[in-house]
Amino acid sequence: MVLTYLKDKDVDGFTEISLAKSIGTKKYPIGTKLKNLVDFFKSLGRYEVVSSIDYRRKNGLCFPEFEDFKSFILENLKQGNPIIVENIDYGGHYRVIIGYDNLSSSGDEDILIFADPYDDTDGLRDGYNYFPASRFYYMWFDDHCLEDEYKKQAFIVIKNKA
């Protein structure tokens, strides 16, 4: 999805299976390691890749407060950068934040909009779903797939090189 969004010149050369193999995806409960996904995007040489691996953490979190998270999301969305996140869904699941609906000054009613290839939450199966932003923030951890140091607030931002 991210390669298609970025109009990557090699996107047609990949299939889901070839991507999974090149990224080193394993069967459940391991899945795709965050570092493998980061290394894949870096290996293409066309993108600046920023991830939770690079972030200085406070109490194990990249974004100690919800407002930090919200600012990070809004800034990257404004720049058109896809934000891949991994969280507790299905024990560990990647999806892409593509929108933020700012419904309240406190953030309590704000909504994240996701592109999700395993979209089974709203009955539409259109590849999109949404979730309360603050609730996502507090559920933003992995249970089965990632190494302990990356289990909290795992993300990858892909930026076109200037």
Peer 1: Does atom CD (Glu16) have a neighbourhood of more than 12 heavy atoms from anything else shown, all under 6.0 Å?
Peer 2: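 At most 12 heavy atoms, drawn from other residues, nucleotides or ligands, come within 6.0 Å of this atom.
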Peer 1: Are Phe72 and Tyr138 in one and the same hydrophobic cluster, where Ile, Leu, Val, Met, Phe, Trp and Tyr link if side-chain heavy atoms are under 4.5 Å apart?
Peer 2: yes
Peer 1: Within a strict 4.5 Å, meaning less than it, do heavy atoms of the Phe131 and Ile111 side chains meet?
Peer 2: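 Of all side-chain heavy-atom pairs linking Ile111 with Phe131, none is under 4.5 Å.
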Peer 1: Please name the pair of heavy atoms, one in Ser104 and one in Asp108, separated by the smallest distance, quoted to 0.1 Å.
Peer 2: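 So the two residues come closest at OG-N, 3.2 Å.
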Peer 1: Please find out if less than 6.0 Å separates the ring center of Phe155 from that of Tyr150.
Peer 2: no
Peer 1: Among Tyr55, Tyr100, Tyr137, whose ring pair (Phe, Tyr, Trp, His ring centres under 6.0 Å) with Phe69 holds?
Peer 2: Tyr137
Peer 1: Side-chain contact, heavy-atom cut-off 4.5 Å: Val85 with Leu112?
Peer 2: no
Peer 1: Donor-acceptor pair, Ser18 side chain versus Phe14 backbone, under 3.5 Å?
Peer 2: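 No; judged by distance alone, with no hydrogens or angles, the pair does not exist.
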Peer 1: Check whether any side-chain heavy atom of Pro82 sits under 4.5 Å from a side-chain heavy atom of Leu6, and report yes or no.
Peer 2: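 Side chain of Pro82 against side chain of Leu6, heavy atoms only: contact under 4.5 Å found.
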Peer 1: Measuring from atom NZ of Lys7 to atom CG of Asn160, what distance do you get when rounded to the nearest 0.5 angstrom?
Peer 2: 10.0 Å
Peer 1: Have a look at Val157 and tell me which of Ile84, Ile73, Asn81, Asp54 forms a side chain to side chain contact (heavy atoms under 4.5 Å, CB included) with it.
Peer 2: Asn81
Peer 1: Is the shortest heavy-atom distance from the side chain of Tyr128 to the side chain of Ile98 under 4.5 Å?
Peer 2: yes
Peer 1: Asp8 vs Tyr47, test: side chain to side chain donor-acceptor pair (under 3.5 Å). Steps then yes/no.
Peer 2: CA-CA 10 Å; Asp8 191 281; Tyr47 307 106; 2.3 Å; yes
Peer 1: Between Ser71 and Asp68, is there a donor-acceptor pair closer than 3.5 Å when you use the side chain of the first and the backbone of the second?
Peer 2: no
Peer 1: Do side-chain atoms of Lys151 reach the backbone of Leu146 as a donor and acceptor pair under 3.5 angstrom?
Peer 2: yes
Peer 1: If you take all heavy atoms of Lys161 and Glu48, which pair is closest and at what distance?
Peer 2: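 Lys161 and Glu48 have their closest heavy atoms at CG-N, 3.8 Å.
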Peer 1: Report, as yes or no, whether the 6.0 Å neighbourhood of atom CD on Glu67 holds more than 12 heavy atoms from other residues, nucleotides or ligands.
Peer 2: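 Atom CD in Glu67 is crowded, with more than 12 foreign heavy atoms closer than 6.0 Å.
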Peer 1: Spell out, yes or no, whether Phe141 and Ile30 are grouped together once hydrophobic residues are joined by side-chain heavy atoms under 4.5 Å, including indirect joins.
Peer 2: no
Peer 1: Is there a donor-acceptor pair closer than 3.5 Å between any side-chain N or O of Lys159 and the backbone N or O of Val49?
Peer 2: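 Not a single qualifying donor-acceptor pair exists.
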Peer 1: Side-chain contact, heavy-atom cut-off 4.5 Å: Asn129 with Arg95?
Peer 2: yes
Peer 1: Please confirm whether the backbone N or O of Val38 pairs with a side-chain atom of Ser51, one donor and one acceptor, at under 3.5 Å?
Peer 2: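 No, the answer is negative, given that no donor and acceptor are paired below the 3.5 Å cut-off.
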Peer 1: If you take all heavy atoms of Tyr5 and Gly80, which pair is closest and at what distance?
Peer 2: OH-O, 3.0 Å
Peer 1: Could you pull out the closest heavy-atom pair between Thr32 and Thr25, with the gap in Å?
Peer 2: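 Shortest heavy-atom contact: OG1-OG1, 2.6 Å.
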Peer 1: Is atom NZ of Lys152 surrounded by more than 12 heavy atoms (other residues, nucleotides or ligands) closer than 6.0 Å?
Peer 2: no
Peer 1: Less than 4.5 Å apart, side chain to side chain, heavy atoms only: is that true for Glu86 and Trp140?
Peer 2: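 When only atoms from C-beta onward are counted, Trp140 and Glu86 do not touch, as no gap falls below 4.5 Å.
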Peer 1: Would you say the side chain of Gln153 lies within less than 4.5 Å of the side chain of Ser52, judging by non-hydrogen atoms?
Peer 2: no
Peer 1: Can you find a side-chain donor-acceptor pair between Asp142 and His93 that sits under 3.5 Å?
Peer 2: no
Peer 1: Could you walk me through whether Lys70 and Glu65 pass the side-chain contact (heavy atoms from CB on, under 4.5 Å) check?
Peer 2: CA-CA 9 Å; Lys70 180 178 177 177; Glu65 303 293 331; over 6 Å; no
Peer 1: Can you confirm whether Leu37 sits close enough to Tyr94 that some side-chain heavy atom of one is under 4.5 Å from a side-chain heavy atom of the other?
Peer 2: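 Yes, close enough: below the 4.5 Å cut-off.
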